[in-house]
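Numbers here are sequence positions counted from 1. Quick note: numbers below take in every heavy atom, side chains included, and nothing from hydrogens, waters or symmetry partners.
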Amino acid sequence: MQCLQDQDALIPQLRGTLPKVCAAALAAITTGGIVFLSPEMLFGWVAMVILTLTLGPLLHGICLLAEEMLYHSSTRYRGRGLLSHMLPACGLGGKTLLAAGLAGLLLYLAGNPLPHKGQCWKLLFLASVLYALLKSLGVLGPSEVEVSDICEGRKMNVAHGLAWSFYLGYLRLVLPRFEESIARFHATHQASRSSWGRGSRKLLILIPLNANISHKLEEEDDNITFYDNLPDTEIDRAGVRRRVFKHSVYRVVDEHGKVRECAMEYATPLLTLYSMSQESSAGFGEPERRQQVLLFYRTLQDILEHSLECRNRYKLILLNDEHEDDPHFLSKAILRHLQQQEKEEFCLTPPPHQEIGHLFMSTSSAPPSAPSMNQVPMSREPTLMFSLEKPKPLKEPVESTDHYQGRI
């Protein structure tokens, strides 16, 4: 189990714009070289190259359009217009058409005849047709990195769906009621209250990278024992009246024999990821499974951080499987997270004795037996004090003993 400081190194970050910067730099260098060698042919060559690069995708889009119109127009595009959905889906969008049109206009306005003009046009059409053929055969298909970038950018990964399902179908329902469940648990287990620290008042969600989880935590680490379940949470859900949600409380023993209690569980969608990797028909191997687990963790963390209902009621624990030879790696990881929360997290609620009554103080003329003087001790810090009397007209005489004077 790696240290908490190394946990962020395992999470894949969002891909940046470095490929675009590199492509722009290569285009600028190449264009500068052409300008230096033959500036009079620049616009003609640029227009011809753009036409070559845009006519190929357009021809390939026409091939895709034929398939979609003949066999999928009534099933995949039911109730949607041809121009608004089918053409963009086939790559015949406005950007490609606009680029091809501007390239043709630029070639016309350039005016400078290209060398071997007839051969250039033949090369243009031949390159476009061969591009459509190679694209259809998968030779020019998108790379694995491009597919991954598209899936992550459009939230199309398996991990994204599982993370949202886990949040909407479970965490968003139970976490707002989690503190109430702990309070009810303490009411019936008074003897165990001393072993619940501040870090234990959150639901610990375990996410192992290998997605291979057991249904009983004590089978993985004998320093962990099942203690009891929190009171059931009953919610009407999807036609099921009083559907039951529950959490289990475990006792974790450290190396000094001290017992800590906390509610923890594995993220159940990991069972789906592991089962998919065991099915050959799913096309989901071990490397893909590990990548999806990391994306699941990152997506779920981002969802929960923006959820007001779940804030400060959970703790995600990413478990690395590189040190499974340690029989107590699970208990050590849990205790390390509990200790970190108790050391780094502070209570933001005001102290119970800091009340509004501190803002109001009487003068020395008030009797010392006043309730405010006996119940609330005078603060040593300077405070702003206001009179509690209703405002009176300035024309009436006011006696100094009948009112409170405001002072700083």
Side-chain angles (χ1 to χ4, degrees), residues 1-23 134-171 204-215 217 219-221 264-305 314-327 329-330 332-334 336-337:
M1 185 63 54
Q2 291 186 346
C3 298
L4 296 179
Q5 293 79 3
D6 300 333
Q7 181 171 298
D8 293 338
L10 296 173
I11 311 303
Q13 302 298 322
L14 296 174
R15 289 186 172 90
T17 59
L18 183 59
K20 298 179 181 179
V21 175
C22 294
L134 295 177
K135 186 73 173 179
S136 300
L137 296 176
V139 178
L140 299 178
S143 64
E144 184 178 346
V145 173
E146 292 176 306
V147 174
S148 176
D149 187 29
I150 293 173
C151 292
E152 290 185 29
R154 298 183 181 181
K155 312 298 182 184
M156 298 168 58
N157 279 295
V158 176
H160 289 100
L162 291 177
W164 276 104
S165 176
F166 190 48
Y167 166 69
L168 295 175
Y170 178 64
L171 295 180
L204 306 184
I205 304 174
L206 310 179
I207 304 178
L209 282 180
N210 57 7
N212 187 11
I213 60 180
S214 64
H215 300 293
L217 295 179
E219 295 180 352
E220 298 189 18
D221 193 331
M264 58 182 171
E265 59 192 53
Y266 282 107
T268 51
L270 298 183
L271 293 172
T272 302
L273 290 177
Y274 186 80
S275 299
M276 289 179 62
S277 65
Q278 304 301 311
E279 297 288 339
S280 58
S281 59
F284 198 76
E286 183 177 350
E288 292 80 8
R289 181 188 67 197
R290 182 184 177 90
Q291 186 71 13
Q292 291 299 316
V293 171
L294 292 172
L295 291 177
F296 173 83
Y297 174 85
R298 191 184 72 186
T299 306
L300 184 61
Q301 187 179 44
D302 182 67
I303 293 173
L304 292 175
E305 286 179 354
Y314 70 93
K315 178 63 179 179
L316 300 182
I317 301 179
L318 184 64
L319 303 175
N320 195 357
D321 53 357
E322 293 181 356
H323 300 284
E324 289 187 339
D325 52 342
D326 186 0
F329 80 98
L330 181 57
K332 291 179 181 178
I334 294 171
R336 186 161 55 245
H337 279 273

With a 4.5 Å limit on heavy-atom distance, are the side chains of [X] and [Y] in contact?
X	Y	result
I205	L171	yes
M276	V158	yes
F166	L304	no
H337	K315	yes
N210	R290	no
L162	T299	no
V293	L270	yes
P208	N212	no

Measure the [atom1]-[atom2] distance between [X] and [Y] for me, rounded to the nearest 0.5 Å.
X	Y	atom1	atom2	answer
H160	S165	NE2	OG	14.0 Å
E288	L295	CD	CG	12.0 Å
Y167	Y314	OH	OH	10.0 Å
L273	Q291	CG	CD	12.0 Å
I213	E265	CD1	CD	10.0 Å
E279	Y274	CD	OH	11.5 Å

Distance-minimising heavy-atom pair for [X] and [Y]:
X	Y	value
G285	S277	O-CB, 4.3 Å
I207	A267	CG1-CB, 4.1 Å
A333	L319	CB-CD2, 4.0 Å

Next item on the list: Please check if the side chain of Q292 supplies one atom and the backbone of A159 the other of a donor-acceptor pair under 3.5 Å.
Entry: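 Yes; judged by distance alone, with no hydrogens or angles, the pair exists.
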
Note to self: Looking at T272, is its backbone amide N or carbonyl O close enough to the side chain of S275 to form a donor-acceptor pair, meaning the two atoms are under 3.5 Å apart?
What the structure shows: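 Such a contact is absent between S275 side chain and T272 backbone.
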
Item checked: Given L217, L271, L204, the one that forms side chain to side chain contact (heavy atoms under 4.5 Å, CB included) with Y266 ->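 Of the listed options, the one satisfying the test is L217.
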
Checklist line | Exercise: do S214 and E220 side chains pair donor with acceptor under 3.5 Å | finding: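 Side chains of S214 and E220: pair found under 3.5 Å.
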
Item checked: Check against side chain to side chain contact (heavy atoms under 4.5 Å, CB included), L318 and L294 -> CA-CA 9 Å; L318 184 64; L294 292 172; 4.2 Å; yes

